[in-house]
Number of protein chains: 2
Amino acid sequence: MAERVHAYHHGDLRTALVEEAAAMISEGGAASVTMRAIGSRLGVSRGAPYRHFPDKTALLVAVAVAGFKRLNRCLGSGDAEASSSSVERLRRMGEQYVRFALEHPAHYRLMYGKEALERQDQPELRKAAGALLENLVDVIRVHQQSSEIETADPRAQAYVAWSAVHGLASLLIERQIDPNVDVDDLIRQTTQTILDGMRGRSPD
Amino acid sequence: MAERVHAYHHGDLRTALVEEAAAMISEGGAASVTMRAIGSRLGVSRGAPYRHFPDKTALLVAVAVAGFKRLNRCLGSGDAEASSSSVERLRRMGEQYVRFALEHPAHYRLMYGKEALERQDQPELRKAAGALLENLVDVIRVHQQSSEIETADPRAQAYVAWSAVHGLASLLIERQIDPNVDVDDLIRQTTQTILDGMRGRSPD
DNA sequence: TGGAGAATGTTGACTGGGTCAACATACACC
DNA sequence: GGTGTATGTTGACCCAGTCAACATTCTCCA
């Protein structure tokens with residue numbers, strides 16, 4: 001069922017479609033993904049994908065969901081392998097987040113670009129992105145308990161932190177940031193600013 | 001030259017195209033913008049737009065540039081009319097930024113979505129976005145001089161601030177944020193966190 | 001074992017939409 | 001008034017999404 005050398009039936013076309021679409025996105029951007037081209041690359045006809053996805057949007061949503069899962073894994077591992085302070089762990093999460101976006105720019109764009117995925121709410125996508133947020137909220141909550149940062153609504157703080165890293169990632173990907181700027185410095189400065197800002201305000 | 005009731009020649013089709021495209025984007029998203037539809041809405045044939053823009057991308061770039069100018073105006077006015085403290089002015093700029101995005105979500109998306117505008121660098125777009133950054137840098141510099149915030153590279157701080165508001169705007173537009181969350185609170189908390197973070201870190 | 005029905009692929013055809021080339025009209029300016 | 005340029009129009013072409021009709025293979029049960 002897994003390996004199929006020559007066949008009228010592909011074996012696991014659905015999975016292959018998602019992987020191939022992701023690869024094409026990485027190579028030539030989302031615009032280069034064509035139902036016809038993707039089929040052809042998999043040695044299958046243009047109509048075949050429609051046996052697994054009702055339309056192109058559905059396929060792209062699946063790709064985006066896969067991206068969120070991958071990103072989640074990156075962040076999770078980064079968080080786990082760090083035995084350092086909780087602040088350090090948060091900083092590292094932020095860095096990994098931005099780095100993921102820089103390594104897979106087109107994929108990242110797709111994940112957040114509801115534009116290409118119009119249509120209603122795409123519950124799967126929402127769930128995948130939600131998992132990301134939940135992880136962040138959990139980490140922030142833990143860090144609040146270690147009283148290293150101000151005790152405030154952890155969800156709101158998570159949104160703020162998410163906004164900062166997502167915004168930075170987005171601006172970098174869209175080349176809105178002067179290429180002479182040191183990206184690593186900028187990432188560090190961003191996470192540092194957020195962490196400082198969360199720690200509570202100095203008296204006016 | 002301005003008013004033309006009936007005419008083979010439209011009068012100022014170029015301007016009209018940009019405005020109409022912006023309107024269509026607001027109404028139905030960027031996907032609803034079609035060279036044919038836009039021409040039809042202006043009572044002109046499908047080929048007419050090509051006398052003013054080499055292709056659809058060029059038209060969309062013009063729309064995006066117009067968006068940046070409009071956003072710049074919003075922020076500028078917001079900054080000017082505030083006679084309050086410099087911190088307060090920065091905060092207001094952040095709020096106006098996010099509010100602009102929420103009021104013109106599809107247009108905002110287009111401004112930052114190089115996806116739809118593929119192709120090389122679009123110098124006009126770069127310049128329009130650059131103006132935004134310069135304004136922010138200027139304001140931050142002034143505020144540093146009034147010694148209300150830490151003296152650091154104002155450009156880097158501008159990028160951090162821009163990232164935060166852009167990220168928040170983007171997440172809100174893409175509905176990644178729980179609709180039960182109070183948007184105004186979130187905006188305030190984001191700008192506040194950034195301002196606190198810029199103000200310098202409390203000793204560890 | 002031999003279908004029957006369900007999955008999965010293939011092909012032809014239609015549509016919408018970007019774009020170009022050839023042609024038409026209007027304007028500007030001499 | 002005439003000519004060259006700017007601006008519009010129309011016909012045609014191509015790509016890509018998608019559906020319907022048909023083909024092949026698979027699964028599974030009598």
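First the proteins, then the strands, lettered A, B, ... as listed; each starts at 1. Only heavy atoms go into these numbers, but all of them, side chains included; no hydrogens, no water, no symmetry mates.
- Other residues, nucleotides and ligands contribute over 12 non-hydrogen atoms within 6.0 Å of the CD atom of A:Glu134.
- Across the interface with DNA chain C, nearest-nucleotide mapping of A:Gly43 and A:Arg36 shows A:Gly43 to be the residue nearer the 5′ end.
- If you take CG of A:Leu17 and P of D:dG17, they are 13 Å apart, rounded to a whole angstrom.
- In the set C:dT8, D:dC19, D:dG8, C:dT8 carries the atom at the smallest distance from any side-chain atom of A:Arg51.
- If you take CZ of B:Phe53 and C1' of C:dG18, they are 16 Å apart, rounded to a whole angstrom.
- The residue among A:Thr34 and B:Gly47 whose nearest nucleotide of DNA chain D lies closer to the 5′ end is B:Gly47.
- Checking C:dT19, D:dG8, D:dG17 against every side-chain atom of B:Tyr50, the shortest atom distance belongs to C:dT19.
- Note: CD1 (A:Ile38) to P (C:dG9) measures 13 Å, nearest angstrom.
- The salt bridge (Lys or Arg N to Asp or Glu O under 4.0 Å) pairs that include a residue from residues 101-110 of chain B are A:Glu115-B:Arg109, B:Arg109-B:Glu174, where partners are two or more places apart or lie in different chains.
- If you measure from atom CZ of B:Arg46 to atom P of C:dA22, you get 16 Å, rounded to the nearest angstrom.
- Put simply, CG on B:Leu60 is 14 Å from C1' on C:dG17, counting in whole angstrom units.
- Taking atom CE of residue B:Met35 and atom P of nucleotide D:dG8, one finds them 13 Å apart after rounding to whole Å.
- Residue pairs that meet the salt bridge (Lys or Arg N to Asp or Glu O under 4.0 Å) test with at least one member in residues 18-29 of chain A, sequence neighbours left out, are A:Glu20-A:Arg41, A:Glu27-A:Arg41.
- The main-chain N or O of A:Val63 is found under 3.5 Å from a side-chain atom of A:His107 such that the two form a donor-acceptor pair.
- Residues B:His52 and A:Lys56 each lie close to DNA chain D; by heavy-atom proximity, the contact nearer the 5' end of the strand is made by B:His52.
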